[in-house]
Q: 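One structure is given below, represented as structure tokens, and several questions about it will come after.
Note: hydrogens, waters and symmetry copies are ignored here, and every other heavy atom, side chains too, is used. To find a chain, count down the sequence lines: A is the first, B the second, and so on, and within it residues start at 1.
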Amino acid sequence: MLVKDKLARLLMEAALQAQQRGLLPPVALPPATVERPASPEHGDYASSLPLKLGRTAGIKPLTVAETLVALLPSAPELGQVQVASPGFINFILKREWLLEQVATILEQGESYGSLDLGQGTRLQLEFVSVNPTGPLHVGHGRGAVLGSALANVLAAAGYQVETEYYINDAGSQVENFARSLYVRCLEARGRPAQMPEGGYMGSYVRDLAQEALKELGASLLDRPEGEALAELSRFGLKRMLDAIRQDLELLGVRFHVWFNEKSLFQEGQFPKAMAQLQGRGFLATREGATWFVSTALGNDKDNVLIRNDGTPTYFASDIAYHYNKFLERGFQRVINIWGADHQGHVSRMKAAVSALGIEPERLDIIIGQMVTLRRGGEVVRISKRSGELITLRELVEEVGPDACRFVFLSRSAAAQMDFDLELAKQESPENPVYYVQYAHARIASILRLAREQGLDWARGDPLRLEHPAELALIRQMLLLPEVVETVALSLEPHHLPHYALELATAFHTFYKQCRVLGKGPTSEARLKLAEAAKVVLARTLHLMGMAAPESM
RNA sequence: GCGCCUGUAGCUCAGCGGAUAGAGCAUCGGUCUUCGGAACCGAGGGUCGGGGGUUCGAAUCCCUUCAGGCGCGCCA
């Protein structure tokens, strides 16, 4: 149990006691929130419960605070407890307990920070899911990093996580792509042709056309158009998907499952989902099309599911897809990470899910806002269907995967972000990314040296630690489980890099002030502390999907 | 026009009901005979876009207004 939760429980016990003894009126108790005060003068944890309770109880908050403190049960974690005006209770962790945690962390090793919050809940996390009709760009990278880090954290928080990439291989964009490719093939053989409306203009289509001709043979173009298109579609999709997979791999992003949209139709999910909607009265036929009556669920308009030419819309397959996630595969929770351009899709997807009879709370949709890419002062527009683009691959190759991950992660998904390529590169030596990794490498180096010098710190006793910088470092280390909880509950991984920075700072400060290597009990204790700090740093980096280097 | 997101230090961003608003970068000044200086210590820099309100208390909640982004397809 997290320390803050334990303190909250102690407070509740004290409050109940106070009510039983008639020291507090029997009013409803507000939740005993325990938070981390901004200033260290206010202790390790603080609660404003007396301020809240004071109002409803009609008693001076300061008096409430004193009453609660007097009745507070003792606990091994708990050192001093102070009352502060106008009605705060400040908790200071017991020094011995704090120091014992060094050993606890070393025992837990890489599992330090793990929680049982999810209790094995089966959770599916779907992200990236870019149409396989072009290379990944910078914005996709953001979603990829967000998703993979979140998957790590949710797994650490006790969820049974499955990550998935949804391949849109059935829609009209795929046809559009195949046709664009076809046109480029014709052109390459000196047979001018007209690009389709909204065709894919990127130069990669030309390159792909060359490859297609080489691989499939130029005779392809003499076959009936339908056959050629089908052939090119298969070829193009395969190539694009391979490229996408490789690009993601470069960023350290992998998926458990690559799910084909087509399979929804091949395996009968689609009609089942539609039947489900029909049976629950959410379908209507108008103007030759089949509509989802989302207005019945508070949406501002209905949406077409099956066009009057009989083909299903993207929304319709997405409904079948979610039918499959929840009802066929039985995930208890589903999280989708979408780009800002899917904003309008959110409320109707939620409506669709509840129309299928699934509690909409089981579906979370995270919208990752736009990434504006800059080279120096110049803004680079990213567009897939036309013009040139900065690919994710270029970005990763220029900046490196760890720096990419760190930068993407440190902004909240809801905020648009600027990614300045020049800065990210040029910044490298002064980059926060390296600052954190450097702390880890530094510890590794110290421990190496210690071993070379034949030092043995196995019996080092952390209870000997007393320097303020040592205690501050331990306090930072103890925060990791809370950060994991925060991220798992809020689905906001951006807390991770900020924590990593604070942890690294605490270590560097300690290192500067406290000589580690040497003989004697103090050194042995400090070596233990450094080793534990390394564990926490490594875990934090790994949760972010970054390397924890032994040397740099 | 309507919906969602965002306006916090020169720049990029945290903080999203609590006690003097934080970090990184940039700027300026120190540390420099010991374990990796990719480091440490310190300083300056802010009417938290503006205006109302709720509250003992608001950057944080509500209303309004301004600015930017993204949506509002029988595209995905």
Q: Using the C1' atom as the reference point in each nucleotide, state the distance between B:C11 and B:G45 in Å, no decimals.
A: 13 Å
Q: Closest to the A:R55 side chain: B:U55, B:C70, B:A76?
A: B:U55
Q: Pairing check on B:C40: which nucleotide meets the Watson-Crick or G-U wobble criteria with it, both distances under 3.5 Å?
A: B:G30
Q: If pairing requires Watson-Crick or G-U wobble contacts with both distances under 3.5 Å, which nucleotide is the partner of B:U55?
A: none
Q: Would a line drawn from the ring center of A:F127 to the ring center of A:Y165 be shorter than 6.0 Å?
A: no
Q: Within less than 4.0 Å of OP1 or OP2 of B:C41, is there a side-chain N or O belonging to A:T509?
A: yes
Q: Roughly how many Å apart are B:G1 and B:C61, using the P atom of each and rounding to a whole number?
A: 25 Å
Q: Taking the C1' atom of each, how far is B:G17 from B:U55, in whole Å?
A: 9 Å
Q: Is the shortest side-chain N/O distance from A:S85 to OP1 or OP2 of B:A19 below 4.0 Å?
A: no
Q: Within the 4.0 Å heavy-atom criterion, would you say A:A289 contacts the bases, only the backbone, or no part of the nucleic acid?
A: base
Q: State which of B:C4, B:A76, B:G15 makes the closest approach to the side chain of A:Q343.
A: B:C4
Q: A:M544 and side chain to side chain contact (heavy atoms under 4.5 Å, CB included): which partner among A:L409, A:V433, A:D402?
A: A:L409
Q: Quick one: look up who B:U20 pairs with, Watson-Crick or G-U, both distances under 3.5 Å, and put none if it's unpaired.
A: none
Q: Could you let me know what B:G7 is paired to, Watson-Crick or G-U wobble, both distances under 3.5 Å, or none if it's on its own?
A: B:C66
Q: Just checking, A:R348 and A:F292: is the charged tip under 6.0 Å from the six-membered ring centre and within 45° of the axis?
A: no
Q: Are more than 12 heavy atoms, taken from residues, nucleotides or ligands other than A:Q453, located less than 6.0 Å from that residue's CD atom?
A: yes
Q: What interatomic distance, in whole Å, is found between C1' of B:G10 and the corresponding atom of B:C63?
A: 33 Å
Q: Does the B:C40 base have a donor-acceptor partner in the side chain of A:Q513 within less than 3.5 Å?
A: no
Q: Can the ring centroids of A:H345 and A:Y314 be said to lie less than 6.0 angstrom from one another?
A: yes
Q: Mind checking the C1' distance from B:U6 to B:A14? Whole angstroms is fine.
A: 14 Å
Q: Toward the 5' end of RNA chain B, which comes first, A:D341 or A:D302, by nearest nucleotide?
A: A:D341
Q: Would you say A:Y511 places a side-chain N or O within less than 4.0 Å of OP1 or OP2 belonging to B:A38?
A: no
Q: Regarding A:S39, tell me which of base, sugar-phosphate or nothing describes its non-hydrogen contacts under 4.0 Å with the strands shown.
A: base
Q: Could you tell me how far B:G53 sits from B:A58 if I compare only their P atoms? Round to whole Å.
A: 13 Å
Q: Would you say the base of B:A19 stacks on A:F88 (centre-to-centre below 5.5 Å, plane angle below 30°)?
A: yes
Q: Under 6.0 Å between ring centres: does that hold for A:H42 and A:F88?
A: no
Q: Under 4.0 angstrom, heavy atoms only, what part of the nucleic acid is A:S445 near: base, sugar-phosphate, or nothing?
A: base
Q: With rounding to whole Å, what would you report as the distance between B:A43 and B:G57 at their P atoms?
A: 32 Å
Q: Kindly say if A:H42 contacts the phosphate of B:G18, meaning a side-chain N or O under 4.0 Å from OP1 or OP2.
A: no
Q: Taking pairing as Watson-Crick or G-U wobble with both contacts under 3.5 Å, can you name the mate of B:G71, or confirm there isn't one?
A: B:C2
Q: With no hydrogens and no angle check, just 3.5 Å: does a side-chain donor-acceptor pair link A:K350 and A:N299?
A: no
Q: Side chain of A:A414 only, heavy atoms from C-beta on: which candidate in B:C5, B:A76, B:G15 is closest?
A: B:C5
Q: Can you tell which of A:L363, A:I365, A:L491 makes a side chain to side chain contact (heavy atoms under 4.5 Å, CB included) with A:I335?
A: A:L491
Q: Quick one: look up who B:G46 pairs with, Watson-Crick or G-U, both distances under 3.5 Å, and put none if it's unpaired.
A: none
Q: Identify which nucleotide among B:C35, B:A19, B:A38 has an atom closest to any side-chain atom of A:L517, counting heavy atoms from C-beta outward.
A: B:C35
Q: Is the distance between the ring centroids of A:Y323 and A:F270 under 6.0 Å?
A: no
Q: For residues 46-53 of chain A, which residues have at least one heavy atom under 4.0 Å from RNA chain B?
A: A:A46, A:S48, A:L51, A:K52
Q: Are the ring of A:H498 and the base ring of B:A23 both nearer than 5.5 Å at their centres and tilted by less than 30°?
A: no
Q: Pick the nucleotide of RNA chain B nearest each of A:G344 and A:D309; which residue has the one closer to the 5' end?
A: A:G344
